[in-house]
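Following: one structure in structure tokens, then a few remarks.
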Amino acid sequence: MPRKAMENSITIKDIAALCNVSISTVSNVLNGRTNKVSAEVYQRIMKVVKETGYKPNYLAKNLRATSTKTIGVIVEDLIIFSTAPIVEGLMKKAEELGYSVVIENMRLFGRWSDGWMNDKAMLQASLEPAINKMEAINVDGIVYIAGYEHVVDIDRRPENIPFVIVYANSSDETIPSFKLDDEKGGYISYKYLYSMGHRNIGIIAGEPSSPHTVNRLRGIQRAMFEVGELFNPSMVMYQTWNKEGGYNGMKQLDGMDITAVLCLSDLIASGVYQYLQERNLKPGRDISVIGYDNHEVSWLLYPTLTTVPLALVELGDAATTWLINKCESKDNNEENKPVHFSIAGELIERESVLKIE
């Protein structure tokens with residue numbers, strides 16, 4: 001199809017793809033910032049602009065020239081336990097900085113459970129209308145909040161509106177991301193158990209393909225290397241991220257002469273508690289248990305569970321601070337480079353780990 005045929009639908013993203021350059025590079029050329037690009041790239045972009053008949057949407061630019069002091073928030077689903085704290089941190093920071101917040105809940109899990117996870121079309125069917133709504137109300141910036149860590153395929157993001165993703169990565173590496181530092185969390189979990197005298201430690205993880213599993217185990221392995229302990233894959237039980245997974249994982253570990261169990265989620269730890277109690281064993285006395293997440297179950301268990309909290313409020317705060325700074329900068333079209341931030345929580349010591357000599 002001739003490029004002219006695309007005239008009515010061509011976008012700056014299309015220009016960038018045809019020229020094999022970033023969106024920000026095309027924007028620099030179209031806005032006269034030619035000192036930021038080479039002559040060859042400039043000529044290539046202008047040639048494609050002429051061939052396609054692309055015309056910048058100056059009306060949209062002018063509409064956005066005046067700040068509305070509004071941040072748009074698109075969430076995968078508000079029912080996911082990790083989302084509310086992120087939104088709380090975001091809204092608190094936005095309020096401090098004089099911005100209002102508009103939230104669009106795509107309800108991906110509520111509508112389709114986990115059926116959408118490997119279906120890009122299902123995600124786009126919800127995401128595109130959400131982005132259109134944010135453009136229509138003229139938000140200054142957009143935050144996308146994932147329900148769990150994964151790679152989000154974003155086919156289109158609004159031109160001239162800063163965009164950031166929280167709790168996940170984007171397939172477009174120029175979109176900044178704010179994630180949890182799961183590797184550090186796994187690291188401090190193991191180091192704590194080691195400091196309490198434990199050497200024979202069983203591990204109950206989530207699904208082996210989960211980024212949370214991979215990164216937390218990577219941190220555990222790094223900590224083991226530092227203290228001179230060998231990583232034994234047979235001591236890692238891969239289960240589901242829930243009570244049933246913890247119960248089944250502890251059943252597999254039973255008889256392996258362990259003194260402690262490192263659980264990669266608090267819900268997994270709750271299943272460990274149940275299994276131990278059915279065997280007339282007491283968590284924190286006969287077998288030490290450590291969790292991960294600081295889920296509400298962690299302080300409802302008896303004895304209360306030592307755990308590594310998810311720095312979710314901090315994620316929302318940090319992402320909002322960065323986004324608003326970007327919104328208020330003089331040049332929002334500056335060259336975009338990958339900007340990725342990781343934030344970790346500090347271990348919360350409770351009653352479920354016994355110090356041994």
Side-chain angles (χ1 to χ4, degrees), residues 23-24 64-108 126-127 130-152 154 156-170 172-182 184-185 293-294 309-334 336-346:
I23 293 172
S24 59
R64 294 190 186 109
T66 302
S67 171
T68 60
K69 292 286 186 177
T70 303
I71 297 297
V73 179
I74 301 173
V75 300
E76 289 181 346
D77 209 314
L78 284 170
I79 65 171
I80 302 301
F81 86 95
S82 58
T83 301
I86 296 174
V87 172
E88 169 62 21
L90 180 155
M91 294 189 72
K92 183 174 184 294
K93 177 56 64 173
E95 182 180 306
E96 289 175 2
L97 298 177
Y99 280 70
S100 59
V101 174
V102 175
I103 299 178
E104 183 71 11
N105 181 16
M106 293 191 291
R107 296 188 58 251
L108 299 179
S126 297
L127 180 56
I131 290 177
N132 289 340
K133 178 177 179 179
M134 296 305 171
E135 288 181 307
I137 61 179
N138 198 26
V139 297
D140 291 343
I142 296 175
V143 181
Y144 180 103
I145 300 177
Y148 69 103
E149 186 172 329
H150 62 118
V151 176
V152 182
I154 298 178
R156 181 183 77 84
R157 57 171 168 164
E159 295 178 30
N160 307 309
I161 300 179
F163 193 106
V164 65
I165 189 166
V166 178
Y167 207 28
N169 284 325
S170 170
D172 180 351
E173 289 198 353
T174 66
I175 297 178
S177 66
F178 286 76
K179 301 189 305 173
L180 297 174
D181 192 342
D182 276 329
K184 181 178 179 182
D293 291 345
N294 196 31
L310 304 179
L312 299 171
V313 172
E314 293 84 351
L315 275 183
D317 181 295
T320 307
T321 300
W322 187 94
L323 184 69
I324 290 177
N325 284 339
K326 183 73 171 175
C327 291
E328 295 182 349
S329 67
K330 294 181 179 179
D331 186 3
N332 283 331
N333 291 310
E334 61 190 5
N336 286 322
K337 297 179 180 179
V339 181
H340 305 295
F341 303 88
S342 295
I343 300 174
E346 297 298 326

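Y167 contributes atom OH, which lies 13.5 Å from atom OG of S177 (distance to the nearest 0.5 angstrom). A distance of 9.0 Å separates CG of L180 from CG of D293, quoted to the nearest 0.5 Å. Note that OH of Y99 and OG1 of T70 are 9.0 Å apart. Values are rounded to the nearest 0.5 Å. Note that the CG atom of N138 and the OG1 atom of T68 stand 5.0 Å from one another [nearest 0.5 Å]. Atom NE2 in H340 sits 10.0 Å away from atom CD1 in I175 (nearest 0.5 Å).
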request  = With side chain to side chain contact (heavy atoms under 4.5 Å, CB included) as the test, would you mind laying out the steps for M134 and I161 before giving the verdict?
outcome  = CA-CA 10 Å; M134 296 305 171; I161 300 179; over 6 Å; no
task = Given side chain to side chain contact (heavy atoms under 4.5 Å, CB included), test L90 with I145 step by step and report yes or no.
result = CA-CA 10 Å; L90 180 155; I145 300 177; 4.2 Å; yes
ask   = When you look at V164 and K326, which way does the side chain to side chain contact (heavy atoms under 4.5 Å, CB included) test go after all the steps?
value = CA-CA 10 Å; V164 65; K326 183 73 171 175; over 6 Å; no
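Taking both residues in full, the closest heavy atoms of N160 and P162 are given as O-CD, 3.9 Å, listed atom of the first, atom of the second, then distance. Minimum interatomic distance between K179 and L315 (heavy atoms only, all atoms of both residues): O-CD2, 3.5 Å. Taking all atoms of both residues into account, the shortest heavy-atom contact from K69 to E328 is NZ-OE2, 3.3 Å. In terms of heavy-atom proximity, P85 sits nearest to L312 at CB-CB, 3.6 Å. Closest approach of V166 and A319 over heavy atoms only: CG2-CB, 3.5 Å.
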Quick one: side chains of residues 76-84, donor-acceptor pairs under 3.5 Å with protein atoms, not counting sequence neighbours, listed by atom name and distance.
residue, atom, partner, partner atom, Å
E76, OE1, G147, N, 2.8
E76, OE1, H150, NE2, 3.4
E76, OE2, Y144, OH, 2.7
E76, OE2, H150, NE2, 2.9
D77, OD1, I79, N, 3.1
D77, OD2, L108, N, 3.3
D77, OD2, F109, N, 3.0
D77, OD2, G110, N, 2.7
S82, OG, G147, O, 3.3
T83, OG1, D77, O, 3.2

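Judged as a side chain to side chain contact (heavy atoms under 4.5 Å, CB included), and not counting sequence neighbours, the contacts of K133 are E104. S170 is linked by a side chain to side chain donor-acceptor pair (under 3.5 Å) to nothing, counting only residues two or more places apart in sequence or in another chain. Looking at residues two or more places apart in sequence or on another chain, you find no salt bridge (Lys or Arg N to Asp or Glu O under 4.0 Å) involving E314. Residues meeting the salt bridge (Lys or Arg N to Asp or Glu O under 4.0 Å) test with K93, sequence neighbours left out: E96, D317. Evaluation of the side chain to side chain donor-acceptor pair (under 3.5 Å) rule for D181 yields no partner, not counting sequence neighbours. Legend: residues meeting side chain to side chain donor-acceptor pair (under 3.5 Å) with D182, ordered by chain and number and at least two apart, are H212, R216, Y292. D172 is linked by a side chain to side chain donor-acceptor pair (under 3.5 Å) to T174, counting only residues two or more places apart in sequence or in another chain.
Put simply, the side chain of M91 reaches to within 4.5 Å of the side chain of I103, judged on heavy atoms.
Between the side chain of N169 and the backbone N or O of V151, no donor-acceptor pair lies under 3.5 Å. Within the 3.5 Å criterion, the main-chain N or O of I71 finds no donor-acceptor partner in the side chain of D140.
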